[in-house]
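Quick note: residue numbers are just sequence positions, from 1.
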Amino acid sequence: MDSHFEMNAVTKKLPKHLHKFVVKQPYEEYTPQNQAVWRYVMRMNVDYLSKVAHRSYIPGLEKTGISTEIIPRMEGMNRILKEIGWAAVSVDGFIPPNAFMEFQAYNVLVIASDMRTINHIEYTPAPDIIHEAAGHAPIIANPEYSEYLRRFGEIGSKAISSAKDHEMYEAIRLLSILKENPNSTEKQIQEAEEKVAWLQDNMGELSEMAMIRNLHWWTVEYGLIGTLENPKIYGAGLLSSIGESAWCMQDKVKKVKYSIEAATKNFDITKPQPQLFVTPDFAYLSLVLDEFANTMALRKGGLNGVQKLIDSQNLGTIELTTGIQISGVFDKVIQFKNNKVAYFQTKGATALANRDKELIGHGTAVHQNGFGSPIGKLKGINLPIEDMSPRDLKAYGIYEGEFMTLEFESGIVLKGRAITGTRDLRGKILIITFDECTVTYKDEVLFKPEWGLYDMAVGSSIVSAYAGPADVDSYDGLGKVSETKTHKIVYTNAEKQLYTLYSSVRKMREEATVSEEKITAIYTDLKNNYPNDWLLHLELYELALANNYAIKSSILETLQSLKSNKSYTSLIENGLNLHQL
């Protein structure tokens, strides 16, 4: 199968509809300053996180092929990740939550291909390659956590969203893009912030997706592990932020024992988190996930499950007791006593499946105008249709070629001639097809003979309801890629010239061609044209100190002067302290 990205044993399993989210890693667009930012952050992380991160972090960097010196290439990461059963793909910023979870379910790590700017070196609200590669990847080398992540994706991809969830996703995506782009105006950022704030205050009841996204945030992104008194870091958001990894260890950041209550605790992606959850171990994460899954329509089904799908206004699936699955956009449900479902209805393209495979002759082309069916027991008959043997069916008049009247205990009445039935491999009847069919409920006509053949789904109740189709091949164009793209930063000629200086310093370090003359020339250029660029001064000082060049004193003096700018103070101090520079 041809693809626009490198395929391997893991990514070959990805369904086609996820391919559209994958982009080519724009490696040539990373500037020499981007590379220096990566090196600075990673060296700081390894130095600090070796003391406060979960013990899997440092070995995990090595296992996943992540170097402190250079931004990783996706191809190189994949060659190493496959050894632990995972893969990585490059994506453009935030992708929709369901798609993100589905990638995870297939053991594929989605890595935002952008790289944070020097202005957001400590923390960025936008997903970037430091967050994804250096934050997420190392911990998945831990088998217990790896399985949690996969299982989370499997369950999370089935969570039902509300109609407002997608609007919130788009608003947060835009805000993160604007905040990371140095060319954004204050007005643009303010308007985006106001939109996110308004949506947060007007979301209404939290959807399943909103709650499972909260669980993801407080574990995978911002999780702590161990004891409340001495926790360690494993969340990618903390592992990738040299600011928050130190912030979170302070006593003023409240530490709470992790539980299912975290599902109702919202977060603000643009600010440091005032409280964090601590899990005793990775196994406990899976226990809480399973506890939450037990509350989802995925496992509970019923009237509430169908209602969630109707409210979501998105493609979803219900599964009946027989195993038949109906996928479509649900828009109607009739209920009767004790909150039982009497009848359900979809609108538009609908597909029927069994065991996640579309039933032959029951794809969207056949059911392009929707699908409706009564479910439940027949009036006065205790034996559900699905449990009737061929002899039972004939005894109750449910027989091919017979014109019959089926009156359900809910009050739904079906009149028509049975022409065929569809059964599963075990012989259980899934569908009965009628000709000359009328379906009514009280005074309401639900189906008329002139509409054609009527397929009745057989089942006594709904056992599951979840987002997305049963068979992903039933629908073309699944998943929508956001029209808001990450902004390509426009660099000035002066910035481009600065990046050539960064490149020269990297070349000196990598090729071991360091000379005091070269360092002095670059330092003079910096002093005259880029006096506020602290990071390249720091890299120059590192080389001068390592070779004991006299110019080191002048560079250090400049760095001490730059520390007067509060934005740089801790960054420079941390850089100087690293390896006792």
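- Asn107 places a side-chain N or O within 3.5 Å of a backbone atom of Gly85 that can act as its donor or acceptor partner.
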Handout entry: Residues Phe267, Gln273; criterion side-chain contact (heavy atoms from CB on, under 4.5 Å); working and verdict
Key = CA-CA 7 Å; Phe267 56 88; Gln273 307 306 314; 3.8 Å; yes

Enumerate, atom names and distances included, each donor-acceptor pair closer than 3.5 Å involving a side-chain atom of residues 154-163, sequence neighbours excluded.
| unit_1 | atom_1 | unit_2 | atom_2 | d |
| --- | --- | --- | --- | --- |
| Glu154 | OE1 | Arg151 | NH1 | 2.4 |
| Glu154 | OE2 | Arg150 | NH1 | 3.2 |
| Ser157 | OG | Gly153 | O | 3.1 |
| Ser157 | OG | Glu154 | O | 3.1 |
| Ser161 | OG | Asn98 | OD1 | 3.4 |
| Ser162 | OG | Lys164 | N | 3.3 |
| Ser162 | OG | Asp165 | N | 3.3 |
| Ser162 | OG | Asp165 | OD1 | 3.4 |

Any chance you could lay out the salt bridge (Lys or Arg N to Asp or Glu O under 4.0 Å) test for Arg299 and Asp290, step after step, and finish with the verdict? CA-CA 10 Å; Arg299 294 186 180 177; Asp290 199 57; 2.9 Å; yes

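- Residues meeting the ring-ring contact (aromatic ring centres under 6.0 Å, His included) test with His136, sequence neighbours left out: His131.
- A distance of 9.5 Å separates CG in Asp392 from CG in Asp387, rounded to the nearest 0.5 Å.
- Below 30°, between 30° and 60°, or above 60°: for Phe282 and His54 the angle between ring planes is between 30° and 60°, a tilted geometry.
- Within 6.0 Å of CD on Glu450 lie more than 12 heavy atoms contributed by other residues, nucleotides or ligands.
- Rounding to the nearest 0.5 angstrom, the gap separating the NZ atom in Lys357 from the CG atom in Asp473 is 6.5 Å.
- Considering every non-hydrogen atom in both Ala236 and Gly135, the closest pair reads CB-C, 3.4 Å.
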- Message: Please determine whether side-chain contact (heavy atoms from CB on, under 4.5 Å) holds for the pair Tyr343 and Gln335, giving the CA-CA distance in whole Å, both sets of side-chain angles, and the decisive distance to 0.1 Å.
- Response: CA-CA 7 Å; Tyr343 193 92; Gln335 60 176 298; over 6 Å; no

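- Residues Tyr466 and Glu208 have side chains that never bring a donor and an acceptor to within less than 3.5 angstrom of each other.
- Counting heavy atoms from C-beta on, the side chains of Val256 and Leu276 never come closer than 4.5 Å.
- Side-chain contact check for Thr227 and Asn230: no donor-acceptor pair (N or O, by modelled atom type) lies under 3.5 Å.
- Side-chain atoms of Glu407 and Ile412, non-hydrogen and from C-beta on, never get closer than 4.5 Å to each other.
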Exercise. Please assess Ser474 against Glu358 for the test side-chain hydrogen bond (donor to acceptor under 3.5 Å, both in side chains), listing each intermediate value before the final yes or no.
Key: CA-CA 7 Å; Ser474 294; Glu358 185 181 292; 2.7 Å; yes

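- Note: Tyr145 and Tyr234 have perpendicular aromatic rings, judged against thresholds of 30 and 60 degrees for the angle between ring planes.
- Asn266 has its side chain within reach of Asn214: a pair of non-hydrogen atoms, C-beta onward, lies under 4.5 Å apart.
- Salt bridge Lys332/Glu444: present, at least one basic N to carboxylate O contact under 4.0 Å.
- Looking only at distances, no side-chain donor or acceptor of Lys308 sits under 3.5 Å from a matching main-chain atom of Gly305.
- Enclosure of atom CZ in Phe403 by more than 12 non-hydrogen atoms of other residues, nucleotides or ligands within 6.0 angstrom is indicated.
- Lys13 forms no cation-pi arrangement with Tyr106, by the criterion of a distance under 6.0 Å to the ring centre and an angle within 45° of the ring axis.
- Closest approach of Leu224 to Pro231, counting heavy atoms only: CB-CB, 4.0 Å.
- In this structure, Lys257 and Phe277 approach most closely via the heavy-atom pair O-CD2, 3.8 Å.
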query: Would Glu170 and Lys195 count as a salt bridge (Lys or Arg N to Asp or Glu O under 4.0 Å) if you check the C-alpha gap in whole Å, the side-chain angles of each, and the deciding distance to 0.1 Å?
result: CA-CA 10 Å; Glu170 289 285 3; Lys195 177 71 178 292; over 6 Å; no

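- Defined by atom type and a distance below 3.5 Å, a donor-acceptor pair is missing between the side-chain atoms of Asp331 and Gln345.
- How far CD1 of Ile326 is from OG of Ser373: 7.0 Å, rounded to the nearest 0.5 Å.
- Annotation: side chain of Pro469 is in contact with side chain of Leu315 (closest heavy-atom distance under 4.5 Å).
- At least one donor-acceptor pair under 3.5 Å links the side chain of Thr317 to the backbone N or O of Ala470.
- Taking the side chain as every heavy atom from C-beta outward, Trp218 and Lys265 approach each other to under 4.5 Å.
- The shortest side-chain heavy-atom distance between Ser327 and Tyr475 falls under the 4.5 Å cut-off.
- Ring-plane geometry between Phe447 and Tyr454 is classed as tilted, the angle between the planes lying from 30 to 60 degrees on a 0 to 90 degree scale.
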Which is it for Tyr258 and Leu215 under the side-chain contact (heavy atoms from CB on, under 4.5 Å) test, yes or no, and what are the steps along the way? CA-CA 10 Å; Tyr258 181 60; Leu215 290 181; 3.3 Å; yes

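- The OG1 atom of Thr350 sits 9.0 Å away from atom CG of Asn369, with the distance rounded to the nearest 0.5 Å.
- Side chain of Ser464 to backbone of Leu298: a donor-acceptor contact under 3.5 angstrom is found.
- In this structure, Lys255 contributes its side chain and Val253 its backbone to a donor-acceptor pair below 3.5 Å.
- Side-chain contact check for Thr11 versus Val89: some heavy-atom pair is nearer than 4.5 Å.
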May I have the step-by-step check of side-chain contact (heavy atoms from CB on, under 4.5 Å) for Met456 and Leu414, ending in yes or no?
CA-CA 9 Å; Met456 183 185 80; Leu414 181 152; 3.8 Å; yes

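- Looking at every heavy atom in both residues, Trp86 comes nearest to Gln104 through CH2-O, 3.9 Å.
- Scanning both residues, Tyr148 and Val220, for their nearest heavy atoms gives CE2-CG2, 4.0 Å.
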Determine, stepwise, if the pair Glu409 / Lys377 fulfils salt bridge (Lys or Arg N to Asp or Glu O under 4.0 Å). CA-CA 6 Å; Glu409 60 181 6; Lys377 294 180 180 178; over 6 Å; no

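- Taken to the nearest 0.5 Å, the CD atom of Gln307 stands 9.5 Å off from the CG atom of Leu309.
- Atom OG1 of Thr422 and atom CD1 of Ile360 lie 10.0 Å apart (nearest 0.5 Å).
- Between Thr322 and Asn354 the shortest heavy-atom distance is O-ND2, 4.4 Å.
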Which atom pairs, donor and acceptor, lie under 3.5 Å between side-chain atoms of residues 427-440 and protein residues at least two apart or in another chain?
| unit_1 | atom_1 | unit_2 | atom_2 | d |
| --- | --- | --- | --- | --- |
| Thr433 | OG1 | Asp455 | OD1 | 2.6 |
| Glu436 | OE2 | Arg417 | NE | 3.4 |

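- The ring of Phe100 has its center closer than 6.0 angstrom to the ring center of His216.
- Inspection of the Glu386 and Thr321 side chains reveals an N or O donor paired with an N or O acceptor under 3.5 Å.
- Checked by atom type, the side-chain pair Ser245/Ser241 shows no donor-acceptor distance below 3.5 Å.
- A donor-acceptor contact shorter than 3.5 Å is absent between the side chain of Asn304 and the backbone of Gly302.
- Looking at heavy atoms from C-beta onward, Thr64 lies in side-chain contact with Ile84 at the 4.5 angstrom threshold.
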